[in-house]
Amino acid sequence: MLGGAEGGTRVGAGGLELPPGDDGHEGSGSTGVPPGAVSLARPMEAGSIGPELDWGADAWREVRTRAQRAGRAYIWLNLVEQRLRAVVAAVLRPVYEPVHGDNWVVAAAGPAGQEWVQRAVAVREVSRRKGYLLDPADDNVLSFLTLPQLRELMVAHWPCFEPYFDDRRDVELALDELEVTRNVVSRNRALSEAVLGQAERASARLLEMLGAGGDVPSARRLPVDAVEDLVGDRYADVVAVHPDRVRLLRQFPAEDIFGGARRLDALGIGLNLLVQNFSGRRLVRLAESGCRVRLLFLNPASSAVKRRERELGLKRGELGRSVEMNILHMRRVRSRLRDPGAFEIQVYDETPRCTAYLVDGDGSDGVAVVQNHLRRIRGMEAPVLVLRNGAKVVKPGEVEEGGLFPTYREEFELMWTDSRPVS
């Protein structure tokens with residue numbers, strides 16, 4: 001018979017219970033504790049465990065940074081894996097399916113790949129039984145192969161893939177670069193900024209080699225980011241925002257902005273982004289190759305320049321001389337052209353509202369770099385928007401609305417009409 005309150009073990013509503021521990025004594029010889037009884041520690045006071053588990057602002061910031069990087073990398077890896085899966089299916093299925101039917105992936109893997117292909121078959125069967133296959137299109141062994149396994153299929157059958165690729169080494173190097181990122185993301189570990197950048201570049205290069213470089217005309221000048229491609233509709237036609245011009249040029253150099261343009265329209269005060277970061281020699285070659293250039297400066301002798309000088313706290317005439325020097329430099333560039341009419345320079349006298357560089361703005365492949373003028377903030381320090389013409393994604397059922405690009409293009413045309421030429 002089990003003991004009562006004075007016994008070592010008690011019976012409660014839930015079954016056997018251990019006796020309460022004694023606050024004042026330790027050891028088996030403690031008074032009031034039967035021999036063989038297990039003493040229970042008293043629960044910790046409320047709040048004593050909190051500081052050990054709580055995350056501060058710095059910890060949360062670090063976690064969010066990790067999640068953002070991993071999310072970007074996952075999108076790129078997902079795109080590459082889906083594209084590589086489609087390429088492998090398009091090339092190898094016609095070879096093996098007529099003989100092996102639905103087991104063509106197992107046959108293509110051959111003896112060397114029996115272990116991982118059989119593992120993929122087993123995972124597919126488990127997914128079937130548990131209802132994890134939500135899309136019938138994924139009910140095949142190929143959908144359960146990982147990126148390294150798809151690579152093994154490609155390498156083992158390279159003669160079949162060779163007609164579609166210029167260089168096998170380029171493909172393998174890009175996949176090697178992605179393998180580091182894939183391991184980090186799949187195990188939810190920290191991903192550095194450098195490795196993320198390498199993975200994004202390798203993914204873009206690999207997608208281009210696999211024939212999926214994107215159908216956006218301006219992708220040559222401004223590569224389409226995977227995140228932009230998926231959620232770009234949330235931001236109209238804005239594809240990048242930079243805190244200042246220094247960070248813009250670090251990620252989007254002047255050569256990438258203006259190089260190879262067939263049309264260049266620029267509106268601003270001194271147009272330093274173009275004049276000081278793109279050499280006159282390059283401008284001459286650009287114009288001689290057929291690019292039509294229209295540059296619209298603020299008149300250095302206007303009252304608007306004086307007001308802007310006061311806003312920025314500059315000495316009287318300092319901004320005017322800077323603008324005048326830029327205009328003289330552009331006039332020298334124009335004088336070296338066989339067709340000066342293709343390189344127009346004009347000035348306006350109105351209050352400057354923005355600086356805008358429209359590259360190929362008359363077509364669907366246009367890119368614009370835009371800055372609004374803020375009080376007491378120089379152009380070098382003002383925030384920068386990068387726009388892609390025609391980049392806004394329109395979802396089914398939505399009415400297409402214009403982005404920001406046409407607004408700044410219209411502003412340029414209106415200002416150009418009201419300005420006067422520089423001889």
Side-chain angles (χ1 to χ4, degrees), residues 61 64-65 68-69 71-73 75-76 191-201 203-204 214 216 218-261 264-279 282 295 308 311-312 322 326 352-361 365-393 403-409 411-412:
R61 191 179 302 111
R64 289 192 180 96
T65 299
Q68 288 168 354
R69 291 175 182 171
R72 292 184 67 92
I75 291 174
W76 280 109
L191 188 67
S192 69
E193 186 90 34
V195 175
L196 173 60
Q198 174 182 298
E200 291 186 326
R201 290 189 296 270
S203 298
V216 178
S218 61
R220 174 186 58 82
R221 173 168 286 106
L222 181 62
V224 179
D225 181 270
V227 179
E228 174 198 342
D229 195 33
L230 292 176
V231 298
D233 58 302
R234 295 178 60 187
Y235 310 106
D237 51 4
V238 178
V239 295
V241 180
H242 302 276
D244 52 52
R245 200 185 298 160
V246 175
R247 290 177 175 82
L248 164 76
L249 292 173
R250 190 179 299 158
Q251 299 186 24
F252 197 19
E255 179 62 35
D256 292 347
I257 300 173
F258 305 117
L264 172 57
D265 297 328
L267 158 69
I269 298 178
L271 303 182
N272 290 337
L273 176 62
L274 173 67
V275 178
Q276 298 182 8
N277 295 280
F278 201 71
S279 70
R282 281 292 290 119
L295 306 179
R308 186 60 179 165
E311 285 182 350
L312 297 176
S322 175
N326 286 355
R353 296 173 177 84
C354 69
T355 292
Y357 300 87
L358 306 168
V359 182
D360 298 340
D365 55 347
V367 171
V369 176
V370 175
Q371 293 180 280
N372 292 320
H373 295 306
L374 306 175
R375 291 174 58 87
R376 303 191 180 282
I377 296 182
R378 298 183 306 155
M380 180 66 72
E381 302 164 344
V384 187
L385 304 180
V386 181
L387 316 177
R388 191 197 301 277
N389 192 23
K392 186 178 187 299
V393 179
L404 305 185
F405 194 103
T407 301
Y408 286 100
R409 183 174 55 197
E411 177 71 7
F412 174 86

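A donor-acceptor pair is defined here as one N or O able to donate and one able to accept, closer than 3.5 Å; such a pair exists between the side chain of Gln371 and the backbone of Gly379. Side chain of Asp237 to main chain of Leu404: a donor-acceptor pair is present (N/O by atom type, distance under 3.5 Å, no hydrogens or angles). Side-chain atoms of Arg282 never come within 3.5 Å of backbone atoms of Gly259 as a donor-acceptor pair (strictly under, hydrogens ignored).
Remark: Arg250 engages Val246, Arg247 in a side-chain contact (heavy atoms from CB on, under 4.5 Å) (not counting sequence neighbours). The salt bridge (charged side-chain N to carboxylate O under 4.0 Å, His left out) check on Arg375 picks up Glu311, with sequence neighbours excluded. Listed by chain and residue number, Ala194, Val195 satisfy the side-chain contact (heavy atoms from CB on, under 4.5 Å) test with Ser192 (two or more places apart in sequence, or in another chain). Checked against ring pair (Phe, Tyr, Trp, His ring centres under 6.0 Å), Tyr357 has the following partners two or more places apart in sequence or in another chain: Phe258. Shown here are the side-chain hydrogen bond (donor to acceptor under 3.5 Å, both in side chains) partners of His373, two or more places apart in sequence or in another chain: Thr355. A search for side-chain contact (heavy atoms from CB on, under 4.5 Å) contacts involving Ala73 returns Thr181, Val185, Leu191, Leu196, not counting sequence neighbours. The side-chain contact (heavy atoms from CB on, under 4.5 Å) test applied to Gln198 returns Glu177, Arg201, not counting sequence neighbours. The salt bridge (charged side-chain N to carboxylate O under 4.0 Å, His left out) check on Arg409 picks up nothing, with sequence neighbours excluded.
Residues Ile269 and Ser322 fail the side-chain proximity criterion, which asks for heavy atoms closer than 4.5 Å.
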In residues 271-278, what donor-acceptor pairs under 3.5 Å come from side-chain atoms, sequence neighbours left out?
{"from": "Asn272", "atom 1": "OD1", "to": "Gln276", "atom 2": "NE2", "distance (Å)": "3.1"}
{"from": "Asn272", "atom 1": "OD1", "to": "Asn326", "atom 2": "ND2", "distance (Å)": "2.7"}
{"from": "Asn277", "atom 1": "ND2", "to": "Asn272", "atom 2": "O", "distance (Å)": "3.3"}
{"from": "Asn277", "atom 1": "ND2", "to": "Leu273", "atom 2": "O", "distance (Å)": "3.3"}

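Rounding to the nearest 0.5 Å gives a distance of 10.0 Å between CG of Leu248 and CE of Met380. The distance from the CG atom of Leu387 to the CZ atom of Phe405 is 7.0 Å, given to the nearest 0.5 Å.
Contact record, Trp76 with Ser203: CE3-CB, 3.3 Å, taken as the closest heavy-atom pair. Of all non-hydrogen atoms in Ala382 and Asn372, the two that sit nearest each other are CB-O, 4.0 Å. Scanning all heavy atoms of the two residues, the minimum distance from Leu374 to Pro383 falls at CD1-CD, 3.9 Å.
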TODO: Could you give me the CA-CA distance, side-chain angles and deciding distance for Val367 and Ile257, then say whether side-chain contact (heavy atoms from CB on, under 4.5 Å) is met?
DONE: CA-CA 8 Å; Val367 171; Ile257 300 173; 5.7 Å; no

